Amino acid sequence: MQTYEPGMELYGGVHYSDYPDPDNITKMDLGCLPMIADFHKFGIRLDIPFLNNLNSRIETIQKEIELETEIYIGSYQYRTSKGALIPFSIGSRDHLAQLLFEEWKVQGDDPVPLTPKGRRFEVSEEIMEPFKDRHPAVPGIIEWHKSEKLRNTYTSVLPLQVDSDSRLHTQFNATVASTGRLSSSNPNLQNIPIRTKLGKEIRYAFTCDPGWRLLSADYSQIEMVWAAHRSQDPTMLDIFRRGQDLHDRTACSVFGLDYEEVQALKKLVADKLATVAQTSEFNDFKQFQRLPCKTVGFGVLYGQTAEGLQASLASEGIFWTIERCEEFITQKFFAVYTLLKAMLDRDYAYATRYGLICDEFGRVRLVPEAKSQLKRIRNEGLRKAGNHPEQSSAQGSIKIAMARLTPICRKLGDKMVRPLLQIHDQLILEVIAPFVEEFSHVVREEMEAATPLTIPVRSSSDIGERWAEL
DNA sequence: CCACGTACACCC
DNA sequence: AAACGGGTGTACGTGG
């Protein structure tokens, strides 16, 4: 096990670099190309009958909603910009906006929500949330639109894109994302739904050949690990050295709670051995202490503002004032992570001075906006600059891991192992069943050893026959 | 008819 | 007043 030192040589002749280093980046990007070629070649198997069935179920749901809402919509007609009346179409966001805000006036005494650009009414689900109980047809219409999206983007389209072996070959592009991430298109397999129940069912359709298994291995908190490494923030280092839960520990540090006591309580609740009082105590911790810390922790590398935090918390049902959000970020969160704040400020200053920022391998991101006189533009550049070192270095880790795994996979051959997908901090492979457990350790070890840092880089793995199980 | 911008949804 | 980094795909509406 190698230990970190500045500039040390890594696999494939790549090295850590604190200056712009295009040759180093070329080596890194070329090193992961063979595995990208494997992704393209193998493709992932799709359970087409399952997906077709899911598509039918979604259509049924939509038809029910159409029947339910018909009585409210009736013969309402949409007025075009030229004043003509045309039949109402539930799929059009403009038709919907006119019906909701001009016919039904669901906004009541509130201002009509407008989109940032242009002068259209905003009808995103987030904005519609408060209007859901203002008219009985609104929840149904929202659900119809969500279903339409799933159908149009996934369930009705993916079955048309498979090869004769029911396998889906996405195209990975290594040259579009400025942070060195890969992107996926035709179809995009990096945005398959996971959060909602119906959406996650789409993942069930992704599977493996009989006698094989899907293996997923992903880095744990890789961007935060890089942030801890770069900042040398003592609290962050301590959390990752001890292998603690980042957000639990943050909440404990921010609110002065004992981490071990919280973990004990957490375990009691998980094992269903907690009293009513203990359960309620833990739920309060989760909602009012852990959740804000988690939200800030998630947003901090994106340069989240108090307004951004407020919006994020609101979507979780927590309504804080701007002042409280502001105070929480500056006085609570950054009071604990002082060196993390110092690191971000260093990156902002660097970007302001040079109009660019480097990751830990010398990948350069140009941010000329950081020098702008206009505050909005400048802050936009600074947020990009603040995020780039972590997002880009994290890509470095997985790209080197891919390069390290390439000869191992080649030696085993495609009767044993087939690399299928990379999803930013995660690799998905198809492995013959009797070998998958053993191989999961190999993949994890290569990922963890790819970029030795001043703290352990951890990864975890899952095995299943369906993507939804991973 | 096509190309393009916008809004919105999905992912890490 | 105040949107949070990186992506792709879809439908819609407009303008050539």
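Chain letters run A, B, ... following the sequence lines, proteins first, then strands; residues in each count from 1. Since this is a predicted model, take the numbers as computed values, not measurements.
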Checklist entry - In the 5'-to-3' direction, what one-character label does each nucleotide of nucleotides 5-12 of chain C receive under the scheme B = base within less than 4.0 Å of a protein heavy atom, S = sugar-phosphate only, - = no such atom? => result BBBBBBSS
Item to check | Aromatic plane relationship, A:Phe333 with A:Tyr337 - under 30° parallel, 30 to 60° tilted, over 60° perpendicular | outcome: tilted
Checklist entry - Taking the same atom, P, in C:dA3 and in B:dA7, what whole-Å distance lies between them? => result 14 Å
Checklist entry - To the nearest angstrom, how far is A:Leu114 atom CG from C:dA1 atom C1'? => result 14 Å
Checklist entry - With sugar-phosphate meaning primed atoms plus P, OP1 and OP2, does A:Arg203 contact a base, only sugar-phosphate, or nothing at under 4.0 Å between heavy atoms? => result sugar-phosphate
Checklist entry - Above 12 or not: heavy atoms from other molecules or residues under 6.0 Å from OH of A:Tyr204? => result no
Item to check | Atom-pair distance (CG on A:Leu182; C1' on B:dC12), nearest Å | outcome: 12 Å
Next on the checklist: For a quick check of understanding: with a heavy-atom distance under 4.0 Å over all strands, which category does A:Ile322 fall into, base, sugar-phosphate or nothing?
Outcome noted: nothing
Checklist entry - Quick one: is A:Lys146 getting a side-chain N or O under 4.0 Å of the B:dC10 phosphate, OP1 or OP2? => result yes
Item to check | Spacing of A:Gln310 atom CD relative to C:dA1 atom C1', expressed in whole Å | outcome: 13 Å
Item to check | A:Leu96 CG - B:dC8 C1' separation (whole Å) | outcome: 12 Å
Checklist entry - Given atom CD1 of A:Ile142 and atom P of B:dC8, what is their separation to the nearest angstrom? => result 12 Å
Checklist entry - Expressed in angstrom and rounded to an integer, what is the separation of A:Phe172 atom CZ from B:dC11 atom P? => result 16 Å
Checklist entry - A:Glu465 and A:Arg213: side chain to side chain contact (heavy atoms under 4.5 Å, CB included), yes or no, with the steps? => result CA-CA 5 Å; A:Glu465 294 183 53; A:Arg213 295 292 182 271; 3.7 Å; yes
Next on the checklist: Regarding A:Trp226 and A:Thr451, do their side chains bring together a donor and an acceptor under 3.5 Å, going by distance alone?
Outcome noted: no
Checklist entry - Between B:dC8 atom C1' and A:Phe121 atom CZ, what is the distance in whole Å? => result 18 Å
Checklist entry - What is the ring orientation for A:Tyr354 with A:Tyr350, classed by angle as parallel under 30°, tilted 30 to 60°, or perpendicular over 60°? => result tilted
Checklist entry - Are a donor atom and an acceptor atom from the side chains of A:Gln391 and A:Arg181 found within less than 3.5 Å of each other? => result yes
Checklist entry - Within the structure shown, what part of the strands sits under 4.0 Å from A:Glu122 by heavy-atom distance: base, sugar-phosphate, or nothing? => result sugar-phosphate
Next on the checklist: When you compare the side chains of A:Ser312 and A:Thr295, does any donor N or O come within less than 3.5 Å of an acceptor on the partner?
Outcome noted: no
Checklist outcome for this item: A:Leu158 CG to B:dC10 C1', in whole Å, measures 12 Å
